A.B. asks: 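Okay, handing you the structure first.
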Amino acid sequence: MFDTLSDRLSATFKNLRGKGRLSEADIDATAREIRIALLEADVALPVVRAFIKNVKERALGAEVSRALNPAQQVLKIVNEELVTILGGETRRLRFAKQPPTVIMLAGLQGAGKTTLAGKLGRWLKEQGHSPLLVACDLQRPNAVNQLSVVAERAGVAVYAPEPGNGVGDPVKVAKDSIDFAKSKVHDIVIVDTAGRLGIDREMMQQAADIRDAVSPDEILFVVDAMIGQDAVNTAEAFRDGVGFDGVVLSKLDGDARGGAALSIRQITGKPIMFASNGEKLDDFDAFHPDRMASRILDMGDLLTLIEQAEKTFSQEEAEKMASKLASKKGQDFTLDDFLAQMEQVRKMGSISKLLGMLPGMGQMKDQIQNIDERDVDRTAAIIKSMTPAERQDPTIINGSRRARIARGSGVEVSAVKGLVERFFEARKMMSRMAQGGMPGMPGMPGMGGGPGRAKKKQKQAKGKQRSGNPMKRKQQEQEAAARRAAAAAAESGNAFGLPQQGAKDFELPDEFKKFMG
């Protein structure tokens, strides 16, 4: 959503690099470019004016003029001001002293309240709570059924005594849901109310009546992040008509300009509490102003990436994989382990989103968007078409085995060969990293390229060259072992390579005698 804004800001800061000192004209030009970028992103004009005023005042002060790197200092100022207009600190949910905690959702029709109710219920369930979804949208056709389906997918309970479609009293349903939650020991009640088309006085009054009936601990205003500056007008109307405590941004994965996210907090004075950035129920999380500002400025969001990894990977699994990679040449790390790791990464979300959280990835935006997520499924199909022995030791995969695996996974033979070769290269690289370094960096533990390394390679070059293909290298080693055994046998005159005079004294070990009759 913030791609256009990020690109403009990145280009602006790029022009400042390499300047040892920033003049007032440089700062004015930078402020002008930032103003244009914000206005193009549909940020409300009052917010843009306040933002630019604060940035210019700080940029013209001592913190920039005395800085060793003025360009970085201006970037720091812009980052801090973005965090400020996004809310400053992360706002957490307030829970009632005596359960249940009542959370009421309000917003325009089509903002995604019903789906968001399921996402919020699932998120709270993962936090250890027992949420109950309440169907108070009795106006929109099939809204009650939709909430029931979403609740089932999220694995949470639902209270829907009325069929909806214009039938039933939403105020009574909301009031009765509190007693139902207490009887079924639900500590959180999420009330899904009917949406409105614009500023509808009748529906606004209905929302106010539900508010008075249940006395919610939190009223969350759900706003579609794609509607631009109109989101501010709607939010102000809801604030004056019903009142709300926090904002939830839905559809943050859209291609709109994202001005609502940067405007709504500053205009209404209410914090953004949650953000929904996808269609899946787990595409939902608490809103962190500092992390969002970092994403806008292409500084990445490593904290969110780490949190998602911690949810997916257990400490025990991570230590197990690390020990396998730390073994000699990482040979304990098999294709089964590779498949397990790949499936764990898929649980974290799409590869494109994960890469987008890394710093500086805005410069590779086109390449990231062109990533085919189905490549992961194809790789998994190839590995699952192998036998257990082939997964444990891929060096045994010869031409006929590759053809069989290709037929089983529906790919070309070259794809199987390429996967195996990439696996060996990746295992080698990860093993070197696990043992303390990367190749080609002299003077570091576990890293190649040190002073005596070239001489050793020259000595190896004088003999027979070893193949870089692991399967071919294994075949060469077997042939070399056979030649050595044959040479020893020829020299000694017997198949065991023992001197002739000692052959009569040779005795088989006990464990072999039973096979000799």
Side-chain angles (χ1 to χ4, degrees), residues 1-13 27-61 74-91 107-108 111 199 220-241 243-252 254-277 287-299 301:
M1 169 161 286
F2 296 104
D3 285 349
T4 304
L5 178 59
S6 297
D7 292 345
R8 288 296 300 264
L9 291 178
S10 297
T12 300
F13 293 124
I27 294 174
D28 287 340
T30 301
R32 191 182 310 113
E33 290 296 325
I34 295 174
R35 181 189 294 111
I36 294 172
L38 292 174
L39 290 173
E40 287 183 348
D42 259 352
V43 180
L45 184 59
V47 178
V48 175
R49 285 175 176 165
F51 181 84
I52 296 300
K53 179 176 177 289
N54 293 337
V55 169
K56 284 189 69 174
E57 286 179 356
R58 293 183 59 184
L60 290 170
V74 172
L75 177 61
K76 177 175 176 288
I77 291 172
V78 173
N79 180 56
E80 291 174 354
E81 291 299 324
L82 274 177
V83 173
T84 300
I85 68 171
L86 287 170
E89 296 181 354
T90 303
R91 162 79 152 77
L108 291 179
I199 310 305
L220 301 182
F221 174 62
V222 183
V223 60
D224 184 345
M226 299 178 67
I227 65 175
Q229 291 194 24
D230 191 48
V232 176
N233 301 328
T234 308
E236 287 182 315
F238 266 92
R239 181 193 60 190
D240 299 336
F244 57 86
D245 303 298
V247 178
V248 181
L249 290 175
S250 64
K251 306 178 186 178
L252 263 183
D255 56 0
R257 297 172 181 177
L262 297 174
S263 306
I264 202 165
R265 166 65 177 84
Q266 193 82 348
I267 296 293
T268 65
K270 302 297 181 181
I272 303 172
M273 295 179 60
F274 296 98
S276 171
N277 56 1
F287 184 84
H288 302 280
D290 53 341
R291 302 183 191 181
M292 183 57 70
S294 294
R295 288 195 196 187
I296 293 173
L297 296 175
D298 195 24
M299 295 161 62
D301 187 1

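Along the sequence shown, residues carry numbers from 1. Model, not experiment: these values are computed from the prediction.
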A.B. asks: Which distance, rounded to the nearest 0.5 Å, do you find between the OG1 of Thr30 and the CZ of Arg35?
C.D. replies: 11.5 Å
A.B. asks: In Å and rounded to the nearest 0.5 Å, what is the CG to CD1 distance from Leu38 to Ile85?
C.D. replies: 7.0 Å
A.B. asks: Would you mind telling me which of Leu220, Val247, Leu249, Thr90 makes a side chain to side chain contact (heavy atoms under 4.5 Å, CB included) with Met273?
C.D. replies: Leu220
A.B. asks: Only one of Leu39, Leu45, Val47 forms a side chain to side chain contact (heavy atoms under 4.5 Å, CB included) with Val43, so which one is it?
C.D. replies: Val47
A.B. asks: Would a 4.5 Å heavy-atom cut-off, applied to side chains only, mark Asp28 and Lys56 as touching?
C.D. replies: yes
A.B. asks: Would you give the length of the straight line joining atom CZ of Arg58 to atom CD of Glu81, rounded to the nearest 0.5 angstrom?
C.D. replies: 5.0 Å
A.B. asks: With a 4.5 Å limit on heavy-atom distance, are the side chains of Thr84 and Phe51 in contact?
C.D. replies: no
A.B. asks: How far does CD1 of Ile27 sit from CD1 of Ile77, to the nearest 0.5 angstrom?
C.D. replies: 8.0 Å
A.B. asks: Which pair of non-hydrogen atoms, one from Pro271 and one from Asp245, has the smallest distance, and what is that distance?
C.D. replies: CD-O, 3.5 Å
A.B. asks: Kindly compute the distance separating CD1 (Ile272) from CZ (Arg91), expressed to the nearest 0.5 Å.
C.D. replies: 12.5 Å
A.B. asks: Check the pair Phe238, Phe244 against ring pair (Phe, Tyr, Trp, His ring centres under 6.0 Å), reporting the backbone distance first and the verdict last.
C.D. replies: CA-CA 7 Å; Phe238 266 92; Phe244 57 86; 7.5 Å; no
